[in-house]
Student: 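Sharing a structure below in structure tokens format, with a few things to ask.
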Amino acid sequence: MRPLGSTGVAELREPGLPLTADTSPSSSAAREEPEEAVETPGPSWCGLCGSWLCGSRAQPEAKKKAPCRGLGLFYTLLSAFLFSVAFLFVKKVQDLHAVEISAFRCVFQMLVVIPCLIYRKTGFIGPKDLRIFLILGGVLGSTAMILLYYAFQATSLADAMVIAFSCPVFTSIFACIFLKEKYSLWNVLFTAFAITGVILIVRPPFVFGSNTVKMTRSYSDHVKGTLAALGHAVSNALTLVILRKMGKSVDYFLPIWFYVLVGLMETVIILSVFGMWRMPNCGIDRLFLLLIGLFGLAGQVFLTKALQIEEAGLVALMKTMDVVFAFIFQVIFLHDIPTWWTVGGALCVVASSAGVAIRKWCQGSK
């Protein structure tokens, strides 16, 4: 029987376990073998072709870290598209109040989140010292959702989306106040751009004169929708600060669970107090409610996957496509041509958010 050579050892050893000194014929070979293993690693299992003879250990690990160049940005773009489609359906459902639409979305997401929590064995109440932050984040997050849906119903899709997109500016301000993060002159400039964009979209009469009364839609509804979108940006910014405060101390499904649970309780209380319960119409309205939950959840999943494999600064920059899709959908499906004031305000707000993202990215890459 011939002695077991290096080939036989490579075939019999378990994947991922280095060869020991007992398997080499001499002590000198045993000393040289680790260097050879580093330079030319032995064969290991390849998930692509399903064999032990393909590639080295370094290649699968590299592919796992970066499966495809630009995949994270593609996920972000897909997430922006899915969110914009969900918002378009919110705009289409006019017979239900925004609070009730939010309640239906919470119910749909709860049916998905509960099995995920059970599978991950994270529990439903979270750590005792962070429970107050989870509840507060749920209240602010659900409030932001209700305000955004109301803004979509009260004003144009593009106007509401642009103002809601000023969230990064408010996040920087609140992070400076509560997390003691630096707030430089650049942040002051970005804040000024965002405020200018909001003013161009609102077009208050004391600045632009009485011509704003001649708008196609009710100016009072436009102002209410704008304030709701601004409230969404503030509430969402506070939610992000709370999430940043907790960091990785909790599983990322727990904040979503509290967001859904508290949101459902909040919407039920509001609907019960004001007597706004109403069954959605049979047919297209119920389909829209289902699609709102489906597309909203899919957008959140792809955004989470993008943040796992791509830098947050680049993801924030690609998120500006939300505004682009909002303008496109408003023109194609709602037949509503945005004014030049809205376009100018959108450019200011997008420039502000992009500036915040670029600055964060540059600081993180140093």
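All values reported here derive from a predicted model rather than from experimental measurement.
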Student: Decide side-chain hydrogen bond (donor to acceptor under 3.5 Å, both in side chains) for T239 and N236; before the verdict, give the C-alpha distance in whole Å, the side-chain angles of both, and the deciding distance to 0.1 Å.
Tutor: CA-CA 5 Å; T239 305; N236 198 31; 4.8 Å; no

Student: Please report the closest heavy-atom contact between L264 and C106, naming both atoms and the distance.
Tutor: N-SG, 3.8 Å

Student: Output, in order, the C-alpha distance, side-chain angles, deciding distance and verdict of side-chain contact (heavy atoms from CB on, under 4.5 Å) for V162 and F327.
Tutor: CA-CA 10 Å; V162 168; F327 274 86; 3.9 Å; yes

Student: With clusters defined by side-chain heavy atoms of hydrophobic residues (ILVMFWY) lying less than 4.5 Å apart, directly or transitively, does L185 cluster with V169?
Tutor: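 Shared cluster, no.
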
Student: Calculate, to the nearest 0.5 Å, the distance between atoms CZ and CZ belonging to F288 and F295 respectively.
Tutor: 11.0 Å

Student: CG/L347 to OG1/T342 distance, rounded to the nearest 0.5 angstrom?
Tutor: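 Here the rounded value is 11.0 Å.
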
Student: Within the structure provided, determine whether V250 and P255 are in side-chain contact (heavy-atom separation under 4.5 Å).
Tutor: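 Of all side-chain heavy-atom pairs linking P255 with V250, at least one is under 4.5 Å.
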
Student: Taking side chain as C-beta onward, heavy atoms only, is H97 less than 4.5 Å from F274?
Tutor: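 No, their side chains stay 4.5 Å or more apart.
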
Student: Taking the side chain as everything from C-beta on, heavy atoms only, tell me whether K92 gets closer than 4.5 Å to I284.
Tutor: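 No - every pair of side-chain heavy atoms lies 4.5 Å or more apart.
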
Student: Roughly how far, to the nearest 0.5 Å, is CH2 of W277 from CD1 of I270?
Tutor: 11.0 Å

Student: Look at atom CZ of F170 and say whether more than 12 heavy atoms of other residues, nucleotides or ligands are closer to it than 6.0 Å.
Tutor: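 Count over threshold, so yes.
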
Student: Rounded to the nearest 0.5 Å, what separates atom CG in L238 from atom CG in L140?
Tutor: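 Answer rounded to 0.5 Å: 5.5 Å.
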
Student: Supply the atom-to-atom distance Q330 CD to K91 NZ, rounded to the nearest 0.5 angstrom.
Tutor: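 If we round to the nearest 0.5 Å, Q330:CD and K91:NZ are 7.5 Å apart.
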
Student: Decide whether L147 and V260 are clustered together by the hydrophobic rule: side chain heavy atoms of Ile, Leu, Val, Met, Phe, Trp, Tyr closer than 4.5 Å, transitively.
Tutor: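 Cluster IDs for L147 and V260 differ.
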
Student: Mind listing the closest non-hydrogen atom pair of S166 and A233 along with its distance?
Tutor: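 Nearest pair, atom of S166 first, then A233: OG-CB, 3.7 Å.
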
Student: Determine, using the 4.5 Å side-chain heavy-atom cutoff (strictly less than), whether V90 and I146 are members of one ILVMFWY cluster.
Tutor: yes

Student: Can you give me every donor-acceptor pair (side chain of residues 108-126, partner residue at least two apart or in another chain, under 3.5 Å) with its distance?
Tutor:
residue	atom	partner	partner atom	Å
R120	NE	D251	OD1	3.1
R120	NE	D251	OD2	3.2
R120	NH2	D251	OD1	2.7

Student: Quick one, E100 with M276, criterion side-chain contact (heavy atoms from CB on, under 4.5 Å). Give me CA distance, side-chain angles, the key distance, then yes/no.
Tutor: CA-CA 8 Å; E100 192 166 356; M276 294 186 298; 5.7 Å; no

Student: What is the minimum heavy-atom distance between F165 and V349, and which atoms define it?
Tutor: C-CG1, 4.0 Å

Student: For the residue pair F81 and F325, does the interplanar ring angle fall in the parallel (under 30°), tilted (30 to 60°) or perpendicular (over 60°) class?
Tutor: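 Perpendicular, since the angle between the ring planes exceeds 60°.
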
Student: Taking side chain as C-beta onward, heavy atoms only, is P338 less than 4.5 Å from V331?
Tutor: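 Touching, per the 4.5 Å side-chain cut-off.
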
Student: Donor-acceptor pair, distance only, cut-off 3.5 Å: does the side chain of E266 make one with the backbone of V99?
Tutor: no

Student: Apply side-chain contact (heavy atoms from CB on, under 4.5 Å) to M246 and L254, showing your working.
Tutor: CA-CA 11 Å; M246 292 188 296; L254 272 176; over 6 Å; no

Student: Take S79 and T76 through the test side-chain hydrogen bond (donor to acceptor under 3.5 Å, both in side chains) and record every step on the way to the result.
Tutor: CA-CA 5 Å; S79 171; T76 309; over 6 Å; no

Student: Once rounded to the nearest 0.5 Å, what's the spacing between atom CG of L243 and atom CD1 of I256?
Tutor: 9.5 Å

Student: Within the 4.5 Å heavy-atom criterion, are F174 and V234 side-chain neighbours or not?
Tutor: yes

Student: Measure up the F87 and F152 rings against each other and bin them: parallel (under 30°), tilted (30 to 60°), perpendicular (over 60°).
Tutor: tilted

Student: For a 4.5 angstrom cut-off between non-hydrogen side-chain atoms, does T155 reach I163?
Tutor: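 Result no, sub-4.5 Å side-chain heavy-atom pair not found.
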
Student: Among I201, T226, D336, which residue meets the side-chain contact (heavy atoms from CB on, under 4.5 Å) test with D159?
Tutor: I201

Student: Check whether V93 and L148 end up in the same hydrophobic cluster, where Ile, Leu, Val, Met, Phe, Trp and Tyr are linked by side-chain heavy atoms less than 4.5 Å apart.
Tutor: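 Same cluster.
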
Student: Can you name the closest pair of heavy atoms from H335 and I332 and give their distance?
Tutor: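 In this case the closest contact between H335 and I332 is CE1-O, 3.4 Å.
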
Student: How far apart are the closest heavy atoms of I132 and D129, and which atoms are they?
Tutor: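 That would be CG2-O, 4.4 Å.
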
Student: So which atom in L200 and which in G345 form the shortest heavy-atom distance, rounded to 0.1 Å?
Tutor: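 Taking every non-hydrogen atom into account, CD1-N, 3.7 Å.
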
Student: Same cluster or not: are L71 and L78 linked, directly or through other Ile, Leu, Val, Met, Phe, Trp or Tyr residues, by side-chain heavy atoms under 4.5 angstrom apart?
Tutor: yes

Student: Run the numbers on F193 and T196 for side-chain contact (heavy atoms from CB on, under 4.5 Å), then give the verdict.
Tutor: CA-CA 5 Å; F193 265 95; T196 302; 5.7 Å; no

Student: According to ring pair (Phe, Tyr, Trp, His ring centres under 6.0 Å), who are the partners of F333, at least two apart in sequence or on a separate chain?
Tutor: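 Scan of F333 (ring pair (Phe, Tyr, Trp, His ring centres under 6.0 Å), adjacent residues dropped) gives F329.
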
Student: Quick one: does S352's side chain have a donor or acceptor within less than 3.5 Å of a partner on C348's backbone?
Tutor: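 Not confirmed, S352 side chain does not pair with C348 backbone.
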
